[in-house]
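Residue numbers begin at 1 in each chain, while the letters A, B, ... track the order of the sequences. Heavy atoms only: backbone and side chains are in, while hydrogens, waters and symmetry mates are out. All figures in this text were calculated on a predicted structure; none of them were measured in a lab.
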Number of protein chains: 2
Amino acid sequence: MSQKHDRRFARSQQAIIEAGIATLLRNPSAGMSEIADAAGIGRATLYRHFDSREALVRKLALTCMEETQAALQPHEDLSGRAAVEAIIDVLMPMTDRFRFLVSLWSLVEGDAQVARIEARMRDEMLDMFQQGIAAGDFRADLPASWMAAFFDSTLMAGWTLVEAGSATSAEAAAFVKRSFLAGCGK
Amino acid sequence: MSQKHDRRFARSQQAIIEAGIATLLRNPSAGMSEIADAAGIGRATLYRHFDSREALVRKLALTCMEETQAALQPHEDLSGRAAVEAIIDVLMPMTDRFRFLVSLWSLVEGDAQVARIEARMRDEMLDMFQQGIAAGDFRADLPASWMAAFFDSTLMAGWTLVEAGSATSAEAAAFVKRSFLAGCGK
DNA sequence: AAGATGTGATACAAGCATGTCTCAGAAACA
DNA sequence: TGTTTCTGAGACATGCTTGTATCACATCTT
């Protein structure tokens with residue numbers, strides 16, 4: 001990778017991304033000051049890393065998508081129930097990333113690159129469910145588009161429970177698997 | 001009811017609420033100008049009806065909760081699967097109302113009255129699921145708190161599908177029923 | 001150690017949304 | 001019809017956020 005920057009630069013960058021996701025998730029209309037404070041850096045430094053608030057939000061969204069995709073990469077070959085279970089196990093602990101995308105979608109949906117990547121990820125999901133239906137793993141009386149929406153929303157429900165303190169991440173993952181597979185499997 | 005106002009006043013009020021919900025749902029950071037435009041009224045008039053943006057948002061949330069509760073009222077005596085099916089049928093066409101609450105929760109979660117009403121509605125939901133579990137309608141290996149979260153999220157998934165144009169409201173309702181009851185029923 | 005690079009603090013200009021006020025005109029009421 | 005009530009348009013002050021620029025200082029590199 002390109003190591004063209006100082007250690008400090010990389011450290012700030014990381015702090016910004018982490019704090020940015022957390023802060024905007026908690027308060028979607030947080031300003032640059034609030035984000036800088038949360039990251040433990042000066043506002044001026046934040047602007048040195050990102051030209052504008054819009055650029056920052058965009059970068060955060062892209063990062064979340066990249067990380068999500070990277071986490072799913074190893075399980076690309078799986079399909080049907082096995083794929084669903086693997087994806088849930090991988091995604092449940094990544095609360096922030098996926099949730100950032102779902103909750104703050106309206107902030108980035110206009111961006112072309114973001115939209116392109118999202119479309120690709122969605123298509124992969126649809127394929128996965130389509131395959132599962134064809135293989136007899138999933139019920140045939142529900143369209144793949146519904147399964148994809150249902151899957152995302154069920155993951156969100158799991159995170160809700162974890163955030164509310166009503167369940168651990170592992171417990172929530174179990175609930176998600178049980179309810180989703182019972183709701184779509186056959 | 002108290003008819004202490006002009007027809008115009010009532011008409012503006014209604015337009016503001018309708019446009020407010022729709023506009024803020026589309027763009028959570030919409031300003032008073034944008035909302036007034038959407039309602040087809042002047043910004044000054046908007047301020048005559050609501051002292052501040054915060055008061056407006058609060059009113060919108062309370063309205064959504066009232067309408068939701070009023071719609072559910074007639075089915076209060078139902079329980080188990082029948083209750084779930086009835087609630088889905090009633091709520092699916094009310095996309096905006098419930099979705100406003102879910103999507104813009106962070107804007108109103110600080111308000112005491114809003115929180116009180118929300119807590120009551122959630123408790124009623126929990127009771128409903130608890131009863132269903134006791135009656136053998138729902139699986140006993142899933143906590144009622146999960147079922148409540150799962151139920152809300154599945155409704156959201158249905159609305160997502162409708163909004164994306166992938167299904168009609170009736171179709172989505174059928175998907176929601178099928179997947180939710182299969183995912184929690186036994 | 002010396003130079004390069006990144007940082008925090010601060011000041012600053014500009015834009016935007018908020019909330020207030022006024023006034024002329026339109027619509028409702030009785 | 002005459003009076004009351006509501007409205008739209010616009011001016012206005014204010015505060016907040018954005019984005020830029022500067023300077024002294026700290027940290028990294030070599």
Let me know the distance between [atom1] of [X] and [atom2] of [N], rounded to the nearest Å.
X        : N       : atom1 : atom2 : answer
Ile41(A) : dA9(C)  : CD1   : C1'   : 13 Å
Met32(B) : dT18(C) : CE    : C1'   : 8 Å
Phe50(B) : dT7(D)  : CZ    : P     : 12 Å
Arg11(A) : dC28(D) : CZ    : P     : 7 Å
Leu46(B) : dC6(D)  : CG    : P     : 16 Å
Asp51(B) : dA17(C) : CG    : P     : 21 Å
Ile16(A) : dG6(C)  : CD1   : P     : 13 Å
Ile35(B) : dA17(C) : CD1   : P     : 12 Å

OP1 or OP2 of [N] less than 4.0 angstrom from a side-chain nitrogen or oxygen of [X], does that happen here?
X        : N       : result
Ser33(B) : dA17(C) : no
His5(B)  : dT5(D)  : no
His49(B) : dC6(D)  : no

* **Of the listed nucleotides dT10(C), dG6(C), dT7(D), the one nearest the side chain of Ala44(A)** =>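 Minimum distance to the Ala44(A) side chain belongs to dT10(C).
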* Structure fact -> Side-chain atoms of Arg48(A) come closest, of dG8(C), dT18(C), dT7(D), to dG8(C)
* **Pairing of Glu85(B) and Arg81(B) as salt bridge, 4.0 angstrom limit** =>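 Answer for the salt bridge query: no.
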* Asked: Any donor-acceptor pair under 3.5 Å joining the side chain of Arg8(B) to the base of dT5(D)?
  -> yes
* To do: Have a look at Arg53(B) and say if it touches a base, only the backbone sugar-phosphate, or nothing, with a 4.0 Å heavy-atom cut-off.
  =>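 Touches sugar-phosphate only.
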* To do: Under 4.0 Å between any heavy atoms, over every strand shown, what does Tyr47(A) touch: base, sugar-phosphate, or nothing? Just pick one.
  => base
* To do: Would you indicate whether Glu109(B), at its atom CD, is surrounded by more than 12 heavy atoms from other residues, nucleotides or ligands within a distance under 6.0 Å?
  => yes
* Flag yes if more than 12 heavy atoms outside Asp141(A) fall under 6.0 Å of its CG atom; otherwise flag no. =>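 Result for CG/Asp141(A): enclosed.
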* Assign each of Ser12(B) and Arg43(B) to its nearest nucleotide of DNA chain D by heavy atoms, then name whichever residue's nucleotide is nearer the 5' end. =>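 The residue whose closest nucleotide sits nearer the 5' end is Ser12(B).
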* Which word best sums up how the rings of Phe129(A) and Phe151(A) line up, parallel for under 30°, tilted for 30 to 60°, or perpendicular for over 60°? -> perpendicular
* Show the numbers, then the answer: is there a side chain to side chain contact (heavy atoms under 4.5 Å, CB included) between Met128(B) and Leu78(B)? => CA-CA 9 Å; Met128(B) 196 259 285; Leu78(B) 295 178; over 6 Å; no
* Start at the 5' end of DNA chain C and walk down; is the nucleotide closest to Ala30(B) or to Phe9(A) reached first? -> Phe9(A)
